[in-house]
Amino acid sequence: MKLIKVAQPIIGIEEVNAVKQVILSGKYISGAKVQKFEEKFANYLGVKYAVAVNSGTAALHVALSVLEIGYGNEVIVPPLTFFSTVSSILSLNAIPIFADIDPKTYCIDSEDVENKISERTKAVIPVHLYGNAADMERIMKVAKKFKLKVIEDAAQAHGTEYKGNKVGSIGDIGIFSFFATKHITTGEGGILVTNNKRYAEKAKLIRNHGMKDRDNHIYLGYNYRMTEMAAAMGIVQLTKLEGFNKKRIKNSLYLINELNKIKIPWLKTPQLEQHIKHTFFWCPVFIDEKKLGMNTKQLIKILLNKGIETRHRYWEPLYKQKVLRNRRKYQKRIPPKKNQNTKETNYKNIYLKNAERVAGKFIGLPNHVGLKKEDLDYIIDVVKGII
Ligand SMILES: *Cc1c(COP(=O)(O)O)cnc(C)c1O
């Protein structure tokens, strides 16, 4: 039986040739390809500056460093995201504070962001989950009122639009990933975008050992440079992004509409919002385990046995991760807050209702660019057959 994969990088001979050319040129770092990729990406997004790095995680780390997030500062994040949204904060000895999700978008709830602000809060990282968009209008309003910086984690949302603006271009800084399964890929890679010249210049230094010129290190920096090979691949992939997105959206809407027609009681398709152009990094469907009469893991196994691979993240709200639960000792070393509310930083005590209700109960159906209509029809048939 053939396996319908949930995601796969779509690469053509153009990418191969572009990379080959770079390899033969002997120029591998900080050259014309990286610069061109940055210009093209900034242009695509409608921002002034882009700084390419070697992963989405590196982009987050650089973004937080640019904004001088450090020891004891709090950064508000959603509990349903990839771990590096949080680890990048921890790596700077800053404190992730979790706000609940909005059950409509599964992204961070802007109202709960406001609830979680303290005198230590420096920034908020809305994550545009599964290709959807967080409630940026309200998040920007809250950020302005409380003088917070906004870093958009758009690692799953290349080309997603919120009220006509591409996500990543709305906050102070936006970050993207080019990991193999993302909308477009450079193998490994990431990029940071901003309209702030000072942020862009600082980010360029931080990705290169904080080095202003030889033997002159003015910031704590790292080696986060993107290679010329990766950038060459990225330039080609970027020309294909809109086409990829069209197909992703078409596949996802086909699945959603067909599944809605059948009205499967145990399955809920995503609620689509007028003002958001969802690019469906995932086609997430929510499983009502009670109505289905089995748990999501069992369902995933059944689908896999029928040749359908699915995504199944995130199993748990991130505050349940061991690395955070063991953070208590470290928290004690941070001087107490004025209003001594340590509830949010003792991760064992956190319970965010909406996140708890849905975590582990999503599956992402295959929706990638390589799928044919017969694949989608097969998926619908199999799902229909599970009663
Ligand atoms: C993929 C991803 C990242 C990290 O990107 P890498 O390139 O894998 O380091 C960060 N945040 C989210 C939401 C992601 O999906």
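For ligands, and for the atoms within them, numbers begin at 1 and follow the listed sequence.
From Y162, atom OH reaches atom NE2 of H275 across 4.5 Å, with rounding to the nearest 0.5 Å.
With T279 as the partner, the side chain to side chain donor-acceptor pair (under 3.5 Å) test is satisfied by one option alone out of H128, H183, R248, E161: H183.
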Expected rows: ligand 1 N/O, protein N/O, dist below 3.5 Å:
| unit_1 | atom_1 | unit_2 | atom_2 | d |
| --- | --- | --- | --- | --- |
| ligand 1 | 5 (O) | S177 | OG | 3.3 |
| ligand 1 | 7 (O) | G56 | N | 2.7 |
| ligand 1 | 7 (O) | S177 | OG | 2.7 |
| ligand 1 | 9 (O) | G56 | N | 3.3 |
| ligand 1 | 9 (O) | T57 | N | 2.9 |
| ligand 1 | 9 (O) | T57 | OG1 | 2.5 |
| ligand 1 | 11 (N) | D153 | OD1 | 3.3 |
| ligand 1 | 11 (N) | D153 | OD2 | 2.8 |
| ligand 1 | 15 (O) | Q156 | NE2 | 2.8 |
| ligand 1 | 15 (O) | K182 | NZ | 2.9 |

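T186 and Q237 share no donor-acceptor pair across their side chains, judged by distance under 3.5 Å alone. In this model, no donor atom of one side chain and acceptor atom of the other lie less than 3.5 Å apart for N208 and Y222.
Between H158 and F41, the two ring planes are perpendicular [angle over 60°; tilted spans 30° to 60°].
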Between side-chain atoms of residues 353-371 and protein atoms elsewhere (two or more places apart, or another chain), which donor-acceptor pairs fall under 3.5 Å?
| unit_1 | atom_1 | unit_2 | atom_2 | d |
| --- | --- | --- | --- | --- |
| N354 | ND2 | I101 | O | 3.0 |
| E356 | OE1 | K320 | NZ | 3.1 |
| E356 | OE2 | Y319 | OH | 2.7 |
| K361 | NZ | R357 | O | 3.4 |
| N367 | ND2 | S252 | OG | 3.1 |
| N367 | ND2 | F280 | O | 2.9 |
| H368 | ND1 | G370 | N | 3.0 |
| H368 | NE2 | K5 | O | 3.1 |

